[in-house]
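Structure first, then comments.
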Amino acid sequence: MHEDDAKAQLRRRFLDARRQLDHAEWRRMSDAITDQVIRLPHYRNCAVLLTYVSAKDNEADTHTLIDHALRCGKKVLVPVMGGERGLMEWSWLKNRNELTPVRFGLLEPDLTLSADY
(Lines give C-alpha, C1' and ligand atoms only; values in the text may rest on other atoms or scores of the structure.)
Protein backbone atom coordinates (compact mmCIF):
# COMPACT_ATOMS: atom_id res chain seq x y z
CA MET A 1 0.00 0.00 0.00
CA HIS A 2 1.30 3.46 -0.92
CA GLU A 3 1.95 5.83 2.01
CA ASP A 4 -0.68 8.34 0.79
CA ASP A 5 -3.27 5.54 0.56
CA ALA A 6 -2.43 4.41 4.08
CA LYS A 7 -2.83 7.97 5.40
CA ALA A 8 -6.16 8.38 3.62
CA GLN A 9 -7.37 5.07 5.04
CA LEU A 10 -6.36 6.11 8.58
CA ARG A 11 -8.06 9.49 8.19
CA ARG A 12 -11.30 7.81 7.09
CA ARG A 13 -11.15 5.34 9.98
CA PHE A 14 -10.64 8.04 12.61
CA LEU A 15 -13.24 10.33 11.03
CA ASP A 16 -15.77 7.49 11.09
CA ALA A 17 -14.96 6.82 14.75
CA ARG A 18 -15.38 10.51 15.65
CA ARG A 19 -18.69 10.73 13.81
CA GLN A 20 -20.01 7.75 15.78
CA LEU A 21 -19.45 9.39 19.17
CA ASP A 22 -22.63 10.43 20.91
CA HIS A 23 -22.78 14.01 22.18
CA ALA A 24 -22.18 13.12 25.84
CA GLU A 25 -19.06 11.07 25.05
CA TRP A 26 -17.75 13.77 22.69
CA ARG A 27 -18.30 16.42 25.39
CA ARG A 28 -16.58 14.29 28.06
CA MET A 29 -13.57 13.65 25.84
CA SER A 30 -13.33 17.29 24.71
CA ASP A 31 -13.49 18.53 28.29
CA ALA A 32 -10.76 16.08 29.32
CA ILE A 33 -8.50 17.36 26.52
CA THR A 34 -9.15 20.99 27.47
CA ASP A 35 -8.47 20.30 31.15
CA GLN A 36 -5.17 18.60 30.30
CA VAL A 37 -4.04 21.46 28.05
CA ILE A 38 -4.94 24.13 30.63
CA ARG A 39 -2.80 22.33 33.24
CA LEU A 40 0.29 22.22 31.00
CA PRO A 41 3.08 24.57 32.10
CA HIS A 42 3.68 25.50 28.44
CA TYR A 43 0.06 26.66 28.14
CA ARG A 44 0.03 28.47 31.49
CA ASN A 45 3.23 30.34 30.59
CA CYS A 46 2.45 31.17 26.96
CA ALA A 47 1.35 34.59 25.79
CA VAL A 48 0.10 33.34 22.40
CA LEU A 49 -2.05 30.30 21.60
CA LEU A 50 -2.20 28.91 18.07
CA THR A 51 -5.18 26.59 17.64
CA TYR A 52 -7.71 25.46 15.12
CA VAL A 53 -11.39 26.28 15.59
CA SER A 54 -13.46 23.12 15.92
CA ALA A 55 -16.48 23.17 13.67
CA LYS A 56 -17.62 19.75 12.47
CA ASP A 57 -17.50 15.97 12.56
CA ASN A 58 -17.08 15.77 16.34
CA GLU A 59 -13.64 17.38 16.27
CA ALA A 60 -12.23 17.88 19.76
CA ASP A 61 -13.86 21.10 20.98
CA THR A 62 -11.47 24.04 20.99
CA HIS A 63 -14.06 26.72 21.81
CA THR A 64 -13.70 26.19 25.56
CA LEU A 65 -9.91 26.45 25.32
CA ILE A 66 -10.14 29.57 23.14
CA ASP A 67 -12.50 31.22 25.64
CA HIS A 68 -10.19 30.32 28.53
CA ALA A 69 -7.15 31.72 26.72
CA LEU A 70 -8.95 34.97 25.92
CA ARG A 71 -10.12 35.34 29.54
CA CYS A 72 -6.50 34.84 30.66
CA GLY A 73 -5.33 37.63 28.35
CA LYS A 74 -3.55 35.38 25.86
CA LYS A 75 -3.40 36.34 22.21
CA VAL A 76 -5.24 33.66 20.19
CA LEU A 77 -4.30 32.97 16.59
CA VAL A 78 -6.37 30.71 14.35
CA PRO A 79 -5.81 29.51 10.79
CA VAL A 80 -7.44 31.20 7.81
CA MET A 81 -7.16 30.14 4.20
CA GLY A 82 -6.46 32.78 1.66
CA GLY A 83 -3.73 35.22 1.03
CA GLU A 84 -2.26 35.77 -2.37
CA ARG A 85 -1.43 32.12 -3.00
CA GLY A 86 -4.29 30.48 -1.12
CA LEU A 87 -1.99 29.39 1.68
CA MET A 88 -2.96 29.02 5.31
CA GLU A 89 -2.18 32.08 7.40
CA TRP A 90 -2.71 32.88 11.07
CA SER A 91 -5.26 35.47 12.15
CA TRP A 92 -5.72 37.12 15.51
CA LEU A 93 -9.04 36.14 17.11
CA LYS A 94 -10.18 38.66 19.69
CA ASN A 95 -13.60 37.13 20.35
CA ARG A 96 -15.37 33.96 19.19
CA ASN A 97 -18.27 36.15 18.04
CA GLU A 98 -16.01 37.16 15.14
CA LEU A 99 -16.12 33.63 13.69
CA THR A 100 -18.06 33.02 10.52
CA PRO A 101 -18.60 29.83 8.49
CA VAL A 102 -16.51 29.50 5.33
CA ARG A 103 -15.93 26.69 2.86
CA PHE A 104 -16.10 23.10 4.07
CA GLY A 105 -17.98 24.19 7.21
CA LEU A 106 -14.86 25.68 8.80
CA LEU A 107 -15.01 28.70 11.09
CA GLU A 108 -12.70 31.65 10.49
CA PRO A 109 -12.56 35.22 11.80
CA ASP A 110 -14.50 37.68 9.71
CA LEU A 111 -11.64 40.02 8.84
CA THR A 112 -14.07 42.79 7.87
CA LEU A 113 -15.10 43.22 11.51
CA SER A 114 -11.83 44.82 12.57
CA ALA A 115 -9.01 46.68 10.90
CA ASP A 116 -6.73 45.81 13.84
CA TYR A 117 -5.69 42.44 12.46
Search all heavy atoms of [X] against all heavy atoms of [Y] and return the closest pair with its distance.
X	Y	answer
Asp61	Trp26	CB-CZ2, 3.7 Å
Asn58	Leu21	ND2-O, 3.2 Å
Val80	Pro109	CG1-CD, 3.5 Å

Do [X] and [Y] come close enough that some side-chain heavy atom pair is under 4.5 Å?
X	Y	result
Asp67	Arg96	yes
Ile38	Leu65	yes
Leu93	Leu77	no
Val48	Leu50	yes
His63	Ser54	yes
Leu10	Arg13	yes

Once you round to the nearest 0.5 Å, how far does [atom1] of [X] lie from [atom2] of [Y]?
X	Y	atom1	atom2	value
His23	Ser30	NE2	OG	9.0 Å
Gln20	Leu15	CD	CG	10.0 Å
Glu59	Arg19	CD	CZ	10.5 Å

Discussion item. Salt bridge (Lys or Arg N to Asp or Glu O under 4.0 Å) for Arg12 and Asp16? Distances and angles first, verdict last.
Written reply: CA-CA 6 Å; Arg12 277 191 304 274; Asp16 289 343; over 6 Å; no

Worksheet entry | Qualifying residue for side-chain contact (heavy atoms from CB on, under 4.5 Å) with Val53, from Leu106, Val76, Val78 | Val78

Response to the item:
Quick note, ring pair (Phe, Tyr, Trp, His ring centres under 6.0 Å) partners involving residues 37-58, not counting sequence neighbours, are Tyr43-His68

Worksheet item: Do Val37 and Met29 belong to the same hydrophobic cluster, where Ile, Leu, Val, Met, Phe, Trp and Tyr are linked whenever their side-chain heavy atoms lie under 4.5 Å apart, directly or via other members?
Response: no

Worksheet item: Is the side chain of Lys74 donor-acceptor paired with the backbone N or O of Cys46 at a distance under 3.5 Å, no angle test?
Response: yes

Worksheet item: Any donor-acceptor pair under 3.5 Å linking the side chain of Glu108 with the backbone of Thr100?
Response: no

Worksheet item: Could you walk me through whether Asp22 and Glu25 pass the side chain to side chain contact (heavy atoms under 4.5 Å, CB included) check?
Response: CA-CA 6 Å; Asp22 66 34; Glu25 183 67 4; 3.3 Å; yes

